[in-house]
Amino acid sequence: MIVTVTLNPAVDHTLAIPDLPEDGEIARTDDARVDPGGKGINVSKYLVELDTETTATGITGDFLGQFVRDSLTEKGIDSDFVDIEGRTRLNTTILTADSEYKINHDGPAVNGHAIETLLETIERNDPDTVVVGGSLPPGLGPDAIDRIARAGDWQTAVDVGGDVLRDLDASYTLCKPNREELAVATDCSIDSLEDCYDAVERLQTMGYDRVVASLGADGAIMATPDGLLHAAALETTVVDTVGAGDSLLAGVLAALERGATDEEALRSGVAVAAQVVSVPGTTVPPLDDVPTRLGSVPVSSPEPFSQ
Ligand SMILES: O=P(O)(O)OC[C@@]1(O)O[C@H](CO)[C@@H](O)[C@@H]1O
């Protein structure tokens with residue numbers, strides 16, 4: 001069972017307008033939606049659609065936190081959050097005809113007491129895998145994630161910022177950086193696919209058994225204990241890229257949880273992400289045809305690879 005931890009959840013407000021307004025103008029639209037979000041929560045949303053057992057945990061507060069909890073319950077997603085006094089954030093995505101703008105709040109301050117309660121919450125749900133996803137709220141540092149990783153005999157995967165990836169000390173089963181996070185985590189400039197291969201291998205030496213890098217139109221890379229894999233992106237109509245990395249991670253974890261090989265897991269992640277970018281915000285599209293699309297994900301081994 002996979003428990004996801006979102007230390008800084010969000011209500012995702014996604015709205016579409018043809019163009020950004022000029023200074024002093026008001027843009028009006030009725031093309032808008034709100035979804036419960038934050039990276040770990042999104043992973044749980046996609047895992048449920050992939051028939052994988054999961055509980056979403058994390059730290060929520062006030063009426064926006066209540067919205068997150070209620071919406072997950074309405075969607076049939078098990079959740080078990082620690083409630084604090086601060087207010088869960090509202091993050092905004094503005095889609096225009098040809099651009100995507102994302103504005104994220106810092107989130108409410110969280111103290112060590114909330115982490116103690118969160119550790120009890122995770123333990124009570126008895127996971128085999130814990131996924132920690134998203135930014136750290138004010139008041140918490142990377143050591144909060146290390147504490148979660150060390151608190152039980154579960155394996156821990158992370159989808160966190162590059163600076164946090166660089167600073168984590170515990171052992172992790174997997175991390176999922178994007179291109180920018182790879183550069184920050186390894187302190188290297190990333191200008192080519194070869195640079196990405198070097199960076200994911202460097203991250204492995206920093207304590208991550210598997211590194212899954214999401215590279216947008218360049219597909220995804222997986223560094224495994226046996227070598228490197230590259231999957232090309234599937235052709236799809238992109239509405240927006242919000243949640244793309246979360247869905248890639250969910251696809252990979254759902255497959256690994258079923259006992260799939262690393263190559264099958266990478267195919268699964270890429271096939272799920274292709275579906276998710278074709279819908280607005282962090283909406284969950286139907287994912288039941290993912291198994292039939294796995295064969296169409298081109299996977300190659302950038303270096304001699306045998307599994
Ligand atoms: O500010 P963070 O925690 O890094 O990212 C939060 C967020 O942008 O990530 C998700 C998409 O990946 C959204 O649901 C959410 O708004």
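We count ligands from 1, going down the list as the structure has it; atoms in each ligand are counted the same way.
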* **Side-chain donor/acceptor of Thr224 to backbone N/O of Gly227, under 3.5 Å** => yes
* Do the side chain of Glu181 and the main chain of Asn178 share a donor and acceptor less than 3.5 angstrom apart? -> yes
* Structure fact -> ligand 1 atoms nearer than 4.0 angstrom to some heavy atom of Asp12 are 13 (C), 14 (O), 15 (C), 16 (O)
* Asked: Sub-3.5 Å donor-acceptor pair from the side chain of Asn91 to the main-chain atoms of His105, do we have one?
  -> yes
* From the options Arg89, Lys102, Lys39, select the one whose nearest heavy atom is closest to atom 1 (O) of ligand 1. => Arg89
* Structure fact -> In ligand 1, the atoms that come under 4.0 Å of a heavy atom of Thr282 are 14 (O)
* Counting from 1, what ligand 1 atoms have a heavy atom of Ser135 closer than 4.0 Å? -> 1 (O), 2 (P), 3 (O), 4 (O)
* Distance (rounded to the nearest 0.5 Å) between Asp80 CG and Thr57 OG1 -> 7.0 Å
* Polar atom proximity, Asp246 to ligand 1 (N or O, under 3.5 Å) -> yes
* Give the C-alpha distance, both sets of side-chain angles, the deciding distance and a yes or no for salt bridge (charged side-chain N to carboxylate O under 4.0 Å, His left out) between Arg124 and Asp126. => CA-CA 5 Å; Arg124 160 168 88 230; Asp126 194 23; over 6 Å; no
* **NZ/NE/NH1/NH2 to OD/OE distance under 4.0 Å, Glu263 and Arg267** => yes
* **Derivation and outcome, salt bridge (charged side-chain N to carboxylate O under 4.0 Å, His left out), residues Asp262 and Arg210** => CA-CA 9 Å; Asp262 289 324; Arg210 285 176 176 71; 2.7 Å; yes
* With Tyr208, which of Thr173, Leu174, Val200, Leu165 fulfils side chain to side chain contact (heavy atoms under 4.5 Å, CB included)? -> Leu165
* Structure fact -> Logged contact type for Asn42 with ligand 1, heavy-atom cut-off 4.0 Å, is side chain
* ligand 1 to Asn104 polar contact by distance, N or O atoms, under 3.5 Å -> yes
* Structure fact -> A student checking ligand 1 against Asn91 at a 4.0 Å heavy-atom cut-off should list atoms 6 (C), 15 (C), 16 (O)
* More than 12 foreign heavy atoms under 6.0 Å from CD of Glu25: is that the case here? -> yes
* Asked: Is there a nitrogen or oxygen of Gly38 sitting under 3.5 Å from a nitrogen or oxygen of ligand 1?
  -> yes
* Asked: Among the heavy atoms of Lys45, does any lie under 4.0 Å from an atom of ligand 1?
  -> no
* Number the atoms of ligand 1 from 1 as they appear, then name those within less than 4.0 Å of a heavy atom of Gly134, with their elements. => 3 (O)
* Asked: Among the heavy atoms of Gly243, does any lie under 4.0 Å from an atom of ligand 1?
  -> yes
* To do: Check each atom of ligand 1 against the heavy atoms of Gly37 and keep those under 4.0 Å away; list them by number with element.
  => 14 (O)
